[in-house]
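As structure tokens, the structure follows; a few thoughts come after it.
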Amino acid sequence: MHGEADTSPSDKRTLWFVTQNHHKYQEARRTLDPFGIKIRLLDSMKTEIQSTNLGEIAKFAAQEAAKKHNRTVLVEDSGLFVKALDGFPGPFSSYVHDTIGVEGLLRLMNRQTQREAYFQASLALASPRGSSQEFSGKVHGTISHKSAGNQGFGFDPIFIPRGSRKTFAQGGTEFKDKYSHRAIAFRKLALWLIRTKI
Ligand code: IMP
């Protein structure tokens with residue numbers, strides 16, 4: 001396990017975000033900060049079950065990580081669902097990005113006029129005793145005709161959120177935090193934590 005300095009597993013108020021994607025961690029941190037909720041990075045591998053349901057994937061990984069590390073953890077699973085490709089790459093987004101990449105996805109969309117797509121983030125909060133809570137966020141938009149912008153990660157250079165003309169990669173952090181699926185899911189988590197006073 002890598003990541004920030006460890007604290008005792010008995011520190012029940014610390015929320016550990018299990019991810020190896022530092023962009024996701026920074027986005028989550030920026031969203032939770034205004035609510036006064038602090039998270040910490042647990043830079044550890046997580047188990048990813050074969051499923052087309054992002055919520056199930058996140059929940060399984062969170063419950064397993066909570067037991068393994070004996071602490072309350074957050075796991076997020078996300079993906080890009082393209083309408084003209086019947087929802088592909090969806091749960092396989094990470095693999096598709098690592099293999100054919102942004103340019104490969106644009107090639108699959110060559111001459112395609114139907115360019116609607118959405119990003120979804122499913123978030124699971126799990127305790128070592130086995131309880132869990134899920135939150136999700138979705139942002140609708142379109143796939144651009146070419147890659148634009150150099151901020152963010154993954155498919156940010158080709159996703160234009162509805163109501164905008166810029167890709168996530170052109171818009172930068174404030175823009176992303178305003179519209180993104182991840183920000184929506186983490187805001188739901190924040191409101192739930194405040195409501196339940198955990
Ligand atoms: P996973 O949640 O680690 O399985 O990875 C999800 C994959 O979906 C990432 O590797 C990206 O390729 C893509 N993805 C998810 N969220 C975003 C986002 O906010 N911007 C760009 N790409 C994303």
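Indexing begins at 1, ligand by ligand and atom by atom, following the structure's order. Note: hydrogens, waters and symmetry copies are ignored here, and every other heavy atom, side chains too, is used.
Taking each of H23, K24, K176 in turn, the one with a heavy atom nearest to atom 18 (C) of ligand 1 proves to be K176. When the heavy atoms of F119, F92, F168 are ranked by distance to atom 14 (N) of ligand 1, first place goes to F119. Here the shortest heavy-atom distance to atom 9 (C) of ligand 1, taken over S94, P91, G152, belongs to S94. The option with the heavy atom closest to atom 6 (C) of ligand 1, from among A61, S93, A121, S78, is S78. In the candidate list I158, V102, V75, D156, D156 is nearest to atom 20 (N) of ligand 1, counting heavy atoms.
Judged by distance alone, the side chain of E56 and the main-chain N or O of N53 form no donor-acceptor pair under 3.5 Å. Here the side chain of S144 pairs no donor or acceptor atom with the backbone of S147 at under 3.5 angstrom.
Atom numbering of ligand 1 starts at 1 in the shown order; those under 4.0 Å from a heavy atom of G154 are 12 (O), 21 (C), 22 (N). Remark: ligand 1 atoms within the under-4.0 Å shell around heavy atoms of H97 are 12 (O).
Scanning the protein for heavy atoms near atom 22 (N) of ligand 1, the closest one is F155 N, 3.0 Å. Among all protein heavy atoms, the one lying closest to atom 16 (N) of ligand 1 is R182 NH2, 2.9 Å. The nearest heavy-atom contact from the protein to atom 4 (O) of ligand 1 is D77 OD1, 3.4 Å.
Enclosure of atom OH in Y95 is not indicated, since only 12 or fewer non-hydrogen atoms of other residues, nucleotides or ligands lie within 6.0 angstrom.
By the 6.0 Å and 45° rule, K188 does not stack over the aromatic ring of F135.
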Query raised in the report: Could you go step by step and tell me if R182 and S78 meet the side chain to side chain donor-acceptor pair (under 3.5 Å) rule?
Result: CA-CA 8 Å; R182 185 161 300 103; S78 47; 3.2 Å; yes

Requested in this report: Apply the test side chain to side chain contact (heavy atoms under 4.5 Å, CB included) to residues E64 and K46: give CA-CA distance (whole Å), side-chain angles for both, the deciding distance (0.1 Å), then the verdict.
Outcome: CA-CA 8 Å; E64 194 184 68; K46 55 185 167 62; over 6 Å; no

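A donor-acceptor contact closer than 3.5 angstrom is absent between the side chains of S136 and E134.
Of the N or O atoms in E27, none lie within a sub-3.5 Å distance of an N or O in ligand 1.
Not close to ligand 1: L80, with no non-hydrogen atom less than 4.0 angstrom away.
Under the 6.0 Å cut-off for aromatic ring centres, F186 and F35 do not qualify, their centroids lying 6.0 Å or more apart.
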